[in-house]
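Keep in mind it's a predicted model, so treat the numbers as computed, not measured. Order of the sequence lines sets the chain letters (A, B, ...), proteins ahead of strands, with each chain counted from 1.
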Protein chains: 2
Amino acid sequence: MTSLLPTSGSAPTLEMVAALAGVSRSTVSRVVNASPKVTPEVVEIVNAAIVTLGYVPNRAARTLASRKTDSIALVIPENTAKFFADPFFASVIQGAAMFLSKTDYTLTLLIASETDAQKTQRYLRGGNVDGALVLSHHSDDRSYVELGQNFPIVFGGRPMSQGGRNFVVDVDNVAAAATAVQCLIDHGKTNIATIAGPQDMAAGLDRLEGWRTTLETAGLPATLFEAADFTPAGGASAMKRLLDRGERFDGLFAASAQMASGALGVLREHGLAVPGDVGVTTIDNDYYAKNANPPLTTVDQPSMQQGAKMAEVLVRMIDGEDVDTLTIMPTHLIERASV
Amino acid sequence: MTSLLPTSGSAPTLEMVAALAGVSRSTVSRVVNASPKVTPEVVEIVNAAIVTLGYVPNRAARTLASRKTDSIALVIPENTAKFFADPFFASVIQGAAMFLSKTDYTLTLLIASETDAQKTQRYLRGGNVDGALVLSHHSDDRSYVELGQNFPIVFGGRPMSQGGRNFVVDVDNVAAAATAVQCLIDHGKTNIATIAGPQDMAAGLDRLEGWRTTLETAGLPATLFEAADFTPAGGASAMKRLLDRGERFDGLFAASAQMASGALGVLREHGLAVPGDVGVTTIDNDYYAKNANPPLTTVDQPSMQQGAKMAEVLVRMIDGEDVDTLTIMPTHLIERASV
DNA sequence: TTGAAAGCGCTAACAA
DNA sequence: TTGTTAGCGCTTTCAA
């Protein structure tokens, strides 16, 4: 049982470095910030002093004086469990982290469940970060959209709330769904059902629309659909509801690979073969798509690149550059054994 | 499209609140920090001003003045890919986040190998956080051990480096391994091999020791082992090496469920039935253990609780309370079909 | 219970 | 190229 002293108040300051080096604080500051206009000899002396003292700049003081935090937040409006279950988040973060490691920004993850939405907002407004990446999904994203009007925010996926000018990096969900559905049609399927995503998310709505318009264009019926929450469990129960309807279908477009994998289990239980009885296509080239039985034909959504792009756009916004309000990432079909 | 902030563009300051409320800055500060000695009427007036202005305290200024950041870091000394592949990290973070949401600390994730080690150290030393949780593993953790001598750090798992006093929240890996091996013995297995974890990690070493001593105590041979890196792929190749030796064994203790799942595939390829030909036990009650074929008998390591405990210990350290230098989390056996 | 005043450690004009 | 001088927005003695 022992207690530890709070960080002993003896952290070396810039002033101490200046004294030891025999120069002014400004000069030390310039050296620390790699200003080009300092004589090499002085730089050397100052650096020596920094080393002997073990000096590390105080971040709070720096931020207060410069109005820059050098860090940005990645906001995930989901609970922790869902955050870790969904490979999409992992990829986006990886992409963002990868891009930022080339800069000197730090990434702070904010897993913002509905309960502490307030806490998150205060965090962003309190000057903790220079900007934020928001993986927006649900219709309650209005507060972020508002915040985005006078604070640098880049949305991953189109926010549901209207109003103002938003910066978005997205995939064309309508087109992605259309590709997946067209693949089913190309394989001769004529009765194509869908398990749609949540209808309070843009991705959910857009993918449903892509399914509908593609079928209508092909002169095929577009009536069989059930919505779920993008999870395997949700996909499974939607599949059951679809089967309970008793209508026949030979194709299924699931709006996410996680839902598709849930649906596959139910199909199997009901003695329906894939792709024999029902052809299946989906979106997301993740673990679930690759390891499903059979492996799923899917539309690859480049989440890692999306994360990197989001970070890039945000950093450029912070630096005051002009950036496009909308960046669309390309998608492409990956054919496997499910259709 | 309504904006929340005054049109001035810059965020409202404490001073502006004071002016609007007709009190001094000190009083506003007291209200913001819930000081008990402010008249209720004044509190009300100030709060009204805060609301109309949409005031949020500036974190940097606060930190600079108070020497408190109200945030702590969770350092993960692995690359991003491994971070997301290992459910252990997910659980620990979830536990820590859960505990911290009850406090007003914010959690900042530092995936340490993304940035170089130097960058992380500077981050911690630069006053960005009040303390850190370090999921220490490899033998290169000396710098954290050193930093821990005068900065609040709680290690998840015993660090490899010696020296000084460290605060650790761990499971008894020797005992956990012993439990898993004993289970094999209890099922009549007499030739028990092991796939050990990395020998530069405490968990790797301790689990190997638990295997060895348990066998020796039982008067059984303890010679068949191969080390791997805790991943499925590593487990698979260690399994191959084990088989290549040509020695017979009827039991296998894999030091992690991920390695066990990799080993299972190799066993199957070689026509060895589990548990018929080889009984298998492991450690970690995660996705890999539950979804293996057959499901794995394993020792449950309560990672979520460990994360919560780590956060709790750290917060108490920061608050200057006395805490134990070592906290051991309980483990327990979960019997499934693999033995 | 409240206010005045002195910094916290740094950056950034402006001078020199 | 270097130093001087103000702050950045807040907390915190110390008086009143």
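Using a 4.0 Å cutoff on non-hydrogen atoms, the parts of residues 24-38 of chain A near DNA chain C are Arg25(A), Ser26(A), Ser29(A), Arg30(A), Asn33(A), ordered by number. Within residues 40-49 of chain A, the residues approached by DNA chain D to less than 4.0 Å at the level of any non-hydrogen atom are Val42(A), in residue-number order. Residues of residues 51-58 of chain A having a heavy atom closer than 4.0 Å to DNA chain C, listed by number: Tyr55(A), Pro57(A), Asn58(A).
Listed by first residue number, the stems of DNA chain D with at least three Watson-Crick or G-U pairs below 3.5 Å are C:1-16 with D:1-16.
The two residues Val134(B) and Tyr144(B) make their nearest non-hydrogen contact at CG2-CD2, 4.0 Å. Contact record, Leu124(B) with Ala73(B): CD2-CB, 3.9 Å, taken as the closest heavy-atom pair. Heavy atoms only, all atoms of each residue included: Arg122(B) and Pro57(A) are closest at NH2-CD, 3.8 Å. Heavy atoms only, all atoms of each residue included: Val56(A) and Gly126(B) are closest at CG1-CA, 3.7 Å.
Asp130(A) pairs by the salt bridge (Lys or Arg N to Asp or Glu O under 4.0 Å) definition with Lys68(A), not counting sequence neighbours. Judged as a salt bridge (Lys or Arg N to Asp or Glu O under 4.0 Å), and not counting sequence neighbours, the contacts of Arg59(B) are Asp70(B).
Each of Gln305(A), Lys309(A), Met310(A), Glu312(A) was compared with Phe99(A) under the side chain to side chain contact (heavy atoms under 4.5 Å, CB included) criterion, and only Glu312(A) meets it.
The separation between Arg59(B) atom CZ and dC8(D) atom C1' is 16 Å, rounded to whole Å. Taking atom CG of Leu64(B) as the reference point, atom P of dC8(D) lies 13 Å away to the nearest angstrom. Here the C1' atom of nucleotide dG9(C) and the CZ atom of Arg62(B) are 19 Å apart, to the nearest Å. Nucleotide dG9(D) holds its P atom 17 Å from the CZ atom of Arg125(A), rounded to whole Å.
Here Asn166(B) contributes atom CG and Phe155(B) contributes atom CZ; the two are 5.0 Å apart, rounded to the nearest 0.5 Å. Rounding to the nearest 0.5 Å places CD1 of Ile45(A) at 8.5 Å from OG1 of Thr39(A).
No more than 12 heavy-atom neighbours from other residues, nucleotides or ligands sit within 6.0 angstrom of CD on Gln162(B).
Nearest-nucleotide mapping onto DNA chain C: of Val23(B) and Ala65(B), the residue sitting toward the 5' end is Val23(B).
Judged purely by distance below 3.5 Å, without hydrogens or angles, the side chains of Arg62(B) and Asn33(B) pair a donor atom with an acceptor atom. Thr27(A) and Ser24(A) form a side-chain donor-acceptor contact under 3.5 Å, judged by distance and modelled atom types alone.
With Gln306(B) contributing its side chain and Val92(B) its backbone, the two residues share no donor-acceptor pair below 3.5 Å.
Distances shown here put a side-chain N or O of Thr39(B) below 4.0 Å from the OP1 or OP2 atom of dT2(C). For dG9(D), the OP1/OP2 oxygens have a side-chain nitrogen or oxygen of Arg67(A) closer than 4.0 Å.
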